[in-house]
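First the structure, in the form of structure tokens, and then the observations on it.
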Amino acid sequence: MDFWSVRFRLAGMSTDDKQKKPIWTHSTWQPEELQDKSVEFWIPTAEGTAHGIGTLWARRNSEGLLAVEVVTDVVDQHPHEGIHTRYYIPQIGVDSLERHPDPSVAAFRLAEA
């Protein structure tokens, strides 16, 4: 799978970004169904597979295409420092997005296809 991520170090404002633009996909999901919902994810990265609980961000463009991002925030030892990570989800990931079978974990699940 070809997932892309953007990392911001909030304290130092350094970025390690491979892509800053959303990936527009075809989907029957409506942005309102996904926006700000929790998601358990397994996303392949250069370092291996990232797993965790994040928040979905979703929007539709004027052509009717959907962009989905998984967003995580990790707070460091200091309250004003942390890492904000945005995973831009490609078509194969949006296609695998499903309601989580255990809603006590998260509202949705995104697993490697």
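As the structure is a computational prediction, the values presented were derived from the model and not from experiment.
Side-chain N or O atoms of T85 include none that pairs as donor or acceptor with a backbone N or O of T72 at under 3.5 Å. For the pair S38 (side chain) and A107 (backbone), a donor-acceptor distance under 3.5 Å is present.
Rounded to the nearest 0.5 Å, atoms CG (D95) and OG1 (T28) are 9.0 Å apart.
Looking only at side-chain heavy atoms (C-beta outward), L97 and I89 stay at 4.5 Å or farther from each other. With a 4.5 Å cut-off on side-chain heavy atoms, S96 and L110 count as touching.
The shortest non-hydrogen separation linking V71 to H84 is CG1-CE1, 3.2 Å. Considering all non-hydrogen atoms of both residues, P22 and Y88 come closest at CA-CD2, 3.6 Å. Across P90 and I23, no two heavy atoms sit closer than the pair CA-CG2, 3.8 Å. Contact between P103 and P101 at its shortest, heavy atoms only, is CD-O, 3.5 Å.
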Show me the donor-acceptor pairs, under 3.5 Å and distance only, between side chains in residues 51-70 and residues at least two apart or in other chains.
from, atom 1, to, atom 2, distance (Å)
H51, NE2, E40, OE2, 3.0
R59, NH1, E69, OE2, 2.9
R59, NH2, E69, OE2, 3.3
R60, NH1, G64, O, 2.6
R60, NH2, W29, O, 2.5
N61, OD1, E63, N, 2.9
N61, OD1, G64, N, 3.1
N61, OD1, L65, N, 2.9
E69, OE1, R86, NE, 2.8
E69, OE1, R86, NH2, 2.7
E69, OE2, R86, NH2, 3.3

Could you walk me through whether F108 and R99 pass the side chain to side chain contact (heavy atoms under 4.5 Å, CB included) test, one step at a time? CA-CA 4 Å; F108 289 90; R99 295 204 183 275; 3.3 Å; yes
